[in-house]
Amino acid sequence: MRTWKVRRGLLAAGVAGGLLLTGCSSGGQNTDRASDRGKRDGSAPLPAPGPASPGSGEAATPGEQQDGKERDFAPPPDYLSTFALDVDTASYGFARRTLAEGRLPDPATVRPEEFVNSFRQDYPRPDGDGFSVNVDGARTDEDDWSLMRVGLATRGDDSDGERPPAALTFVIDVSGSMAEPGRLDLVKESLGIMTDKLRDDDSVALVTFSDSAETVLPMTRLGDHRGKVHSAVDAMEPARSTNLEAGIRTGYDTAVGGRHDGATNRVVLLSDALANTGETSADGILERISDARREHGITLFGVGVGSDYGDALMERLADKGDGHTTYVSDSEEARKVFCEQLPANIELRARDAKAQVAFDPRTVKQFRLIGYDNRAVADDDFRDDTVDGGEVGPGHTVTALYAVRMRPGASGHVATANVRWLDPDSRAPHEKSNQIESGDLDGGLENADDGLRTTAVAAYFADALRHGTSTRNAPEPMSTSTGSRSTSWQPLPGAPSLSELAGTADELSSDSDGDKALRDLATAVRQADRLTGGTGDDGGGGEDEGEIRTG
């Protein structure tokens, strides 16, 4: 059964949410402007790619704009949407754990882009560093509204293993709160397995922190010294309070002192991020290590654990530390992060990556970027390479989903999507673009490819959790270009009920031979449905249904 029929009551408890549709000049993410604003204006910023990279003679693929080719329109500022790329997934992982424990996640911890980016996509891969750019979409069940997907992908890790060696500094929280099952024990197990997975020419340092920090193992080349790493990991025991500042500062000092030229130097923070001693704000903590970040380019990878988790602090640390975050709740997830993702993604494919989507006001009336609220970039800063973007490794996909309202009867060009990044070694800037036409949005969402439907389920689910459970706790609407604010929330256009979303996830899982990630998504949606007063049952069934608690 197809499950995209509109149901106005997105949650049984009632939805209070809304589309902000009135402007987006600073980090442009929402717009509603009269058609005369769409006329060609020489003062409007033109988001065209810069010059082609030297020696580039590649022909553009169908529908893809080649570097240096001018656009046929100049959108006004309110029809630009600009944001830093983000490959974080911690928000979705933490929401799944919270729902499994019988609680709804705090809406402030729900970031839709992290739900969307938790699922792999089959976008074409580029041949070299940088990105492929893919744009598609489909109609929703609500008049004139479509979902438009911008998909970016990097080349995978080299099969011959010819990556630079890694110099990884692990900063490990051993405070008292880490004694809870599923925290320090999970971290130690994961580090032990990962130590055997890294290469002989990789190096590891270990820093632990509670009320103070200590370097328990200086930067050590693995080679014949894996036993030293195992011994240091096995000796870790939970201690006292959480001085996250001391851990980060000592970790970066250790990383700088053990820095290897030609290696990928990274700090990996493993913590529940419940800082309660010393400096406890992300900005204050990062200020103490800003020189190390800027001068040496050492990125920060945050791994969150625990049922109580400082989500906001960890996310900000990673965003400002030029890295990303993930969340692990069990051994299976930890093994995937430490034994597959981290060793395979030690390299970078792009630094300071940003995207800018230019909508054509002749065909588009309104649009909204779903998520990326904390990653907004001023439109004029798209080509300012001193402005921070996102770091993206091998084999990553990045998806941005837009709700787009077409002008009645309009046809032709809808939008052009740009991505700009710096080469991870030379830091030379590059850009890639692609376009989408109105005909590409003609098909219904129920008939779209599985990747787009999965993206839609994840986005609708996040929107329900974020705005559909409590208007009192929902995030404030984003500012518009005129400084006004929206006063109401509405669900995303064409929003199904949670039980319908679960059914769609089941169908997608069946189509992909029982993909576990999609089964887990269906289970999480049903748990949310039950906790908000629904039945949690649409004829399907998740293997974890019996674990839901009511208190």
Verify side chain to side chain contact (heavy atoms under 4.5 Å, CB included) between Glu315 and Asn374, making sure each step is shown before the conclusion.
CA-CA 10 Å; Glu315 188 221 4; Asn374 298 334; 3.3 Å; yes
A side-chain contact here means heavy atoms from C-beta on lying under 4.5 Å apart; do [X] and [Y] qualify?
X: Ser132; Y: Arg125; answer: no
X: Val364; Y: Arg407; answer: no
X: Val87; Y: Glu391; answer: no
X: Leu501; Y: Leu498; answer: yes
X: Asp88; Y: Glu113; answer: no
X: Pro408; Y: Asp144; answer: yes
X: Val398; Y: Asp86; answer: no
X: Leu152; Y: Leu85; answer: yes

For Thr455, which residues count as a side chain to side chain donor-acceptor pair (under 3.5 Å) partner, sequence neighbours excluded?
Gln121
Among residues at least two apart in sequence or on other chains, which ones pass side chain to side chain donor-acceptor pair (under 3.5 Å) with Asn117?
Tyr372
Is the backbone of [Y] close enough, under 3.5 Å, to the side chain of [X] for a donor and an acceptor to pair up by distance?
X: Thr140; Y: Ser146; result: no
X: Glu114; Y: Ser91; result: yes
X: His396; Y: Gly393; result: yes
X: Asp423; Y: Ser426; result: yes
X: Ser510; Y: Asp506; result: no
X: Thr416; Y: Gln435; result: no
X: Lys354; Y: Asp384; result: yes

Ring-plane angle category for Tyr402 and Phe83, please: parallel below 30°, perpendicular beyond 60°, tilted otherwise.
tilted
Report the relative orientation of the aromatic rings in Trp421 and Phe131; use parallel for angles under 30°, tilted for 30 to 60°, perpendicular for over 60°.
perpendicular
Working to the nearest 0.5 angstrom, can you tell me the gap between [X] [atom1] and [Y] [atom2]?
X: Ser118; Y: Leu521; atom1: OG; atom2: CG; answer: 9.5 Å
X: Thr523; Y: Leu99; atom1: OG1; atom2: CG; answer: 10.5 Å
X: Trp145; Y: Leu441; atom1: CH2; atom2: CG; answer: 12.5 Å
X: Ser509; Y: Lys516; atom1: OG; atom2: NZ; answer: 10.5 Å
X: Asp283; Y: Leu313; atom1: CG; atom2: CG; answer: 10.0 Å
X: Asp78; Y: Gln366; atom1: CG; atom2: CD; answer: 12.5 Å

Go through the side-chain N and O atoms of [X] and [Y] and say whether any donor and acceptor fall under 3.5 Å apart.
X: His413; Y: Asp360; value: yes
X: Thr89; Y: Thr326; value: yes
X: Gln356; Y: Thr82; value: yes

Short N-O contact, [X] and [Y], less than 4.0 angstrom:
X: Glu333; Y: Arg97; result: no
X: Glu507; Y: Arg453; result: yes
X: Arg519; Y: Asp515; result: no

Minimal non-hydrogen separation, [X] against [Y], with atom names:
X: Ala459; Y: Ile370; result: CB-CG2, 4.3 Å
X: Thr325; Y: Ala318; result: CG2-CB, 3.1 Å
X: Ala273; Y: Met314; result: CB-CB, 4.1 Å
X: Asp463; Y: Leu492; result: OD2-N, 3.3 Å
X: Pro429; Y: Asp385; result: CB-OD2, 3.6 Å
X: Tyr460; Y: Pro493; result: OH-O, 2.6 Å

Under the salt bridge (Lys or Arg N to Asp or Glu O under 4.0 Å) rule, what do Arg96 and Asp520 come out as? Steps first, then yes or no, please.
CA-CA 8 Å; Arg96 280 187 54 221; Asp520 291 343; 3.5 Å; yes
Partner set under salt bridge (charged side-chain N to carboxylate O under 4.0 Å, His left out) for [X], not counting sequence neighbours:
X: Asp129; answer: Arg155, Arg349
X: Asp311; answer: Arg111
X: Asp449; answer: Arg149

Tyr123: which of Thr399, Thr397, Asn134 passes side chain to side chain donor-acceptor pair (under 3.5 Å):
Thr399
Derivation of the side chain to side chain contact (heavy atoms under 4.5 Å, CB included) call for Thr363 and Ser438:
CA-CA 8 Å; Thr363 57; Ser438 58; 5.7 Å; no
Decide salt bridge (Lys or Arg N to Asp or Glu O under 4.0 Å) for Asp352 and Arg420; before the verdict, give the C-alpha distance in whole Å, the side-chain angles of both, and the deciding distance to 0.1 Å.
CA-CA 8 Å; Asp352 288 323; Arg420 182 180 178 89; over 6 Å; no
By ring pair (Phe, Tyr, Trp, His ring centres under 6.0 Å), which residues pair with Tyr327, not counting sequence neighbours?
Phe94, Tyr309
Between Leu104 and Thr532, does a side chain to side chain contact (heavy atoms under 4.5 Å, CB included) hold up when you go through it step by step?
CA-CA 8 Å; Leu104 289 169; Thr532 54; 3.8 Å; yes
Between Arg266 and Thr299, does a side chain to side chain donor-acceptor pair (under 3.5 Å) hold up when you go through it step by step?
CA-CA 5 Å; Arg266 181 169 297 182; Thr299 58; 3.1 Å; yes
Passes side chain to side chain contact (heavy atoms under 4.5 Å, CB included), Val357 versus Met148? Steps please.
CA-CA 11 Å; Val357 180; Met148 187 186 89; 4.0 Å; yes
